[in-house]
*Asks:* 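Just dropping this structure here.
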Protein chains: 2
Amino acid sequence: MKKSVKERILETSLHLFQEHGYHGVTVDKIVLEAGTSKGGFYHNYKSKDELLYEIHDVFISYVIEKAELSYTENKTPISRLSAILNSFIKVFDMYKPYITVFYEESAYLNHEFKQVINEKRDRYRKLLEKVIVEGQESGDFRNELPANIVTMAIIGMINWTYKWFKQDGPMTMEEITAIFKDLILRSIVTEQGLVEAKQLNQLIE
Amino acid sequence: MKKSVKERILETSLHLFQEHGYHGVTVDKIVLEAGTSKGGFYHNYKSKDELLYEIHDVFISYVIEKAELSYTENKTPISRLSAILNSFIKVFDMYKPYITVFYEESAYLNHEFKQVINEKRDRYRKLLEKVIVEGQESGDFRNELPANIVTMAIIGMINWTYKWFKQDGPMTMEEITAIFKDLILRSIVTEQGLVEAKQLNQLIE
DNA sequence: AAAAACAAACCGACTAGTCGGTTTTAAAAA
DNA sequence: TTTTTAAAACCGACTAGTCGGTTTGTTTTT
């Protein structure tokens with residue numbers, strides 16, 4: 001099936017934004033590489049701004065969907081956390097260019113768009129924090145740690161990956177995720193949680 | 001002592017770049033807010049590009065200096081790691097705007113500038129990785145973890161802070177760093193390392 | 001025929017950098 | 001001390017080029 005002009009514009013702009021940044025790419029450049037025209041562009045998108053928004057929205061919506069699914073499909077804090085971390089593998093394999101644009105160019109979203117995106121980003125963060133808090137309540141995670149800081153530590157560790165991970169590098173995203181899960185779990189579990197983490201085979205060695 | 005035009009340009013542009021991004025700020029805007037002129041600007045900087053480079057270089061040079069000092073002033077892997085993490089507190093207090101620009105706008109550095117900056121960034125990463133490897137060799141850090149992934153996990157956790165930390169928020173950078181140190185150490189130390197970490201009072205509870 | 005999808009030419013606003021000139025600073029000469 | 005000199009610092013109108021977006025024209029689909 002042939003790709004529509006709209007799809008070609010989206011793919012091309014993702015690729016270009018990722019490499020040169022939003023302001024480093026002109027609409028002319030996009031339509032040239034996408035094999036269309038200014039008319040084709042503005043027929044499909046109201047503005048360059050809206051295109052940037054669409055990229056953001058497609059990505060964050062997917063991430064939220066997978067995270068919420070991870071939550072509902074699992075029943076314990078440890079398995080939920082593990083599933084959320086796993087879901088990030090797929091995000092990386094499928095949405096690598098989106099991630100870069102999402103974290104580097106969101107400053108250039110106009111005000112209303114930025115609000116919508118920030119709300120969704122918050123929903124993601126709060127879900128993860130909820131898992132941590134529930135784990136503390138169940139006695140699986142250490143109570144002396146502030147859940148919000150732990151949440152941001154995890155998000156930072158994971159998100160930063162887009163800065164250095166290479167698809168053709170020496171390690172796959174699966175292998176890296178396995179190590180991240182080990183690091184995260186070992187740093188926050190209690191004695192009780194350690195047992196379940198080992199049972200679920202989420203630790204290395 | 002009165003601030004020079006060059007200093008005023010640097011401070012103003014940092015503030016503006018941080019808020020609107022490199023391309024969201026015009027040279028006219030900078031000189032207006034800095035209380036100077038186009039002539040004053042181009043007398044002190046060859047180009048807008050060079051100004052962006054200077055911001056990057058001042059920051060990364062400071063970070064490297066502090067990290068290398070942390071290494072030479074301490075003699076064990078655990079104390080060295082702890083000192084490097086501590087040094088980040090000062091970076092945050094003094095260089096917050098630099099950090100944002102450094103991590104968001106480096107895409108717009110021209111090629112030669114980007115190379116210089118990337119080399120320095122690598123030096124920092126390699127120093128941290130060296131500490132991890134030496135800790136594995138001494139038996140303080142777990143051998144089964146790949147040092148390069150652990151390094152990037154730590155860097156990610158730390159660096160991401162610039163995205164969410166608020167100077168006037170509920171926690172100080174010192175408190176956050178204490179938690180980060182606990183998380184990092186607990187996830188990578190061996191039984192042997194755990195003893196020293198506790199002796200050095202680097203763990204919570 | 002009517003509408004949707006695109007193409008191509010065009011426009012107005014904006015921007016990095018320039019350049020001729022002026023002011024300030026500071027050292028050297030009287 | 002006062003004057004001369006010249007270099008460094010700074011000013012701001014101007015330009016050449018660029019870019020997002022619009023308008024008009026053409027083809028394809030329904």
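Any value given below was found using the heavy atoms of this structure, including those in side chains, with hydrogens, waters and symmetry copies removed. Letters A, B, ... mirror the listed sequences (proteins, then strands); counts begin at 1.
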*Asks:* To the nearest angstrom, how far is B/D49 atom CG from C/dA16 atom P?
*Replies:*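 The distance from CG of B/D49 to P of C/dA16 comes to 11 Å, rounded to the nearest Å.
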
*Asks:* Return yes if a side-chain donor-acceptor contact under 3.5 Å exists between A/E104 and A/Y162, otherwise no.
*Replies:*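 Short answer, yes.
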
*Asks:* Whole angstrom is fine here: how far is it from NZ in A/K38 over to P in C/dA7?
*Replies:*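 So the NZ-P distance, A/K38 to C/dA7, works out to 13 Å.
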
*Asks:* Mind calculating the distance between NE2 (A/H43) and P (D/dT23) to the nearest angstrom?
*Replies:*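 Computing the A/H43:NE2 to D/dT23:P distance gives 16 Å.
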
*Asks:* Tell me the interatomic distance from B/D28, atom CG, to C/dG17, atom C1', rounded to whole angstroms.
*Replies:*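 Rounded to the whole Å, the gap is 10 Å.
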
*Asks:* Can you find a side-chain donor-acceptor pair between B/Y71 and B/E134 that sits under 3.5 Å?
*Replies:*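 Yes, B/E134 and B/Y71 have a side-chain donor paired with an acceptor closer than 3.5 Å.
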
*Asks:* Could you check how far NZ of B/K29 sits from C1' of D/dG12, rounded to whole Å?
*Replies:*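 Computing the B/K29:NZ to D/dG12:C1' distance gives 19 Å.
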
*Asks:* How close or far is atom C1' of C/dG17 from atom CD of B/E50, stated in whole angstroms?
*Replies:*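 Answer to the nearest Å: 14 Å.
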
*Asks:* Contact class for B/V25 (heavy atom, under 4.0 Å): base, sugar-phosphate, or nothing?
*Replies:*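 The answer is sugar-phosphate, as B/V25 gets under 4.0 Å only of primed atoms, P, OP1 or OP2.
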
*Asks:* Per the ring-ring contact (aromatic ring centres under 6.0 Å, His included) rule, which among B/F113, B/Y95, B/F102 passes with B/H56?
*Replies:*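 Considering B/F113, B/Y95, B/F102, a ring-ring contact (aromatic ring centres under 6.0 Å, His included) with B/H56 is found only for B/F102.
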
*Asks:* If you only use heavy atoms from C-beta on, which nucleotide in C/dT18, C/dA7, D/dG20 is closest to the side chain of B/Y42?
*Replies:*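 Ranking C/dT18, C/dA7, D/dG20 by closest atom to the B/Y42 side chain puts C/dT18 first.
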
*Asks:* If I take atom CG in residue B/L16 and atom P in nucleotide C/dT15, what distance separates them, rounded to the nearest angstrom?
*Replies:*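 Spelled out: CG on B/L16 to P on C/dT15 is 13 Å.
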
*Asks:* Mark yes when over 12 heavy atoms from residues, nucleotides or ligands other than A/K46 sit less than 6.0 Å from its NZ; otherwise mark no.
*Replies:*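 It does not: A/K46 NZ has 12 such atoms or fewer within range.
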
*Asks:* Could you tell me whether A/K6 sits above the aromatic face of A/Y45, with NZ or CZ closer than 6.0 angstrom to the six-membered ring centre and within 45 degrees of the axis?
*Replies:*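 Yes, A/K6 and A/Y45 form such a contact.
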
*Asks:* Is the shortest side-chain N/O distance from A/T36 to OP1 or OP2 of C/dA7 below 4.0 Å?
*Replies:*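 For C/dA7, OP1/OP2 do have a side-chain N/O of A/T36 under 4.0 Å.
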
*Asks:* Using heavy-atom distances to pick each residue's nearest nucleotide on DNA chain D, tell me which of B/N44 and A/G39 is more 5'.
*Replies:*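 Its nucleotide being nearer the 5' end, the pick is B/N44.
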
*Asks:* Examine D/dG20: is either OP1 or OP2 under 4.0 Å from a nitrogen or oxygen in the side chain of A/K48? Give yes or no.
*Replies:*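 So the side-chain polar atoms of A/K48 do come within 4.0 Å of the phosphate oxygens OP1 or OP2 of D/dG20, strictly under.
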
*Asks:* Grab the CD1-P distance between A/I30 and D/dG20 for me, whole Å please.
*Replies:*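 The answer, rounded to whole Å, is 8 Å.
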
*Asks:* What's the closest nucleotide to the side chain of B/S47 if the choices are C/dG17, C/dT15, C/dC6?
*Replies:*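 Taking heavy atoms from C-beta onward, the closest nucleotide is C/dG17.
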
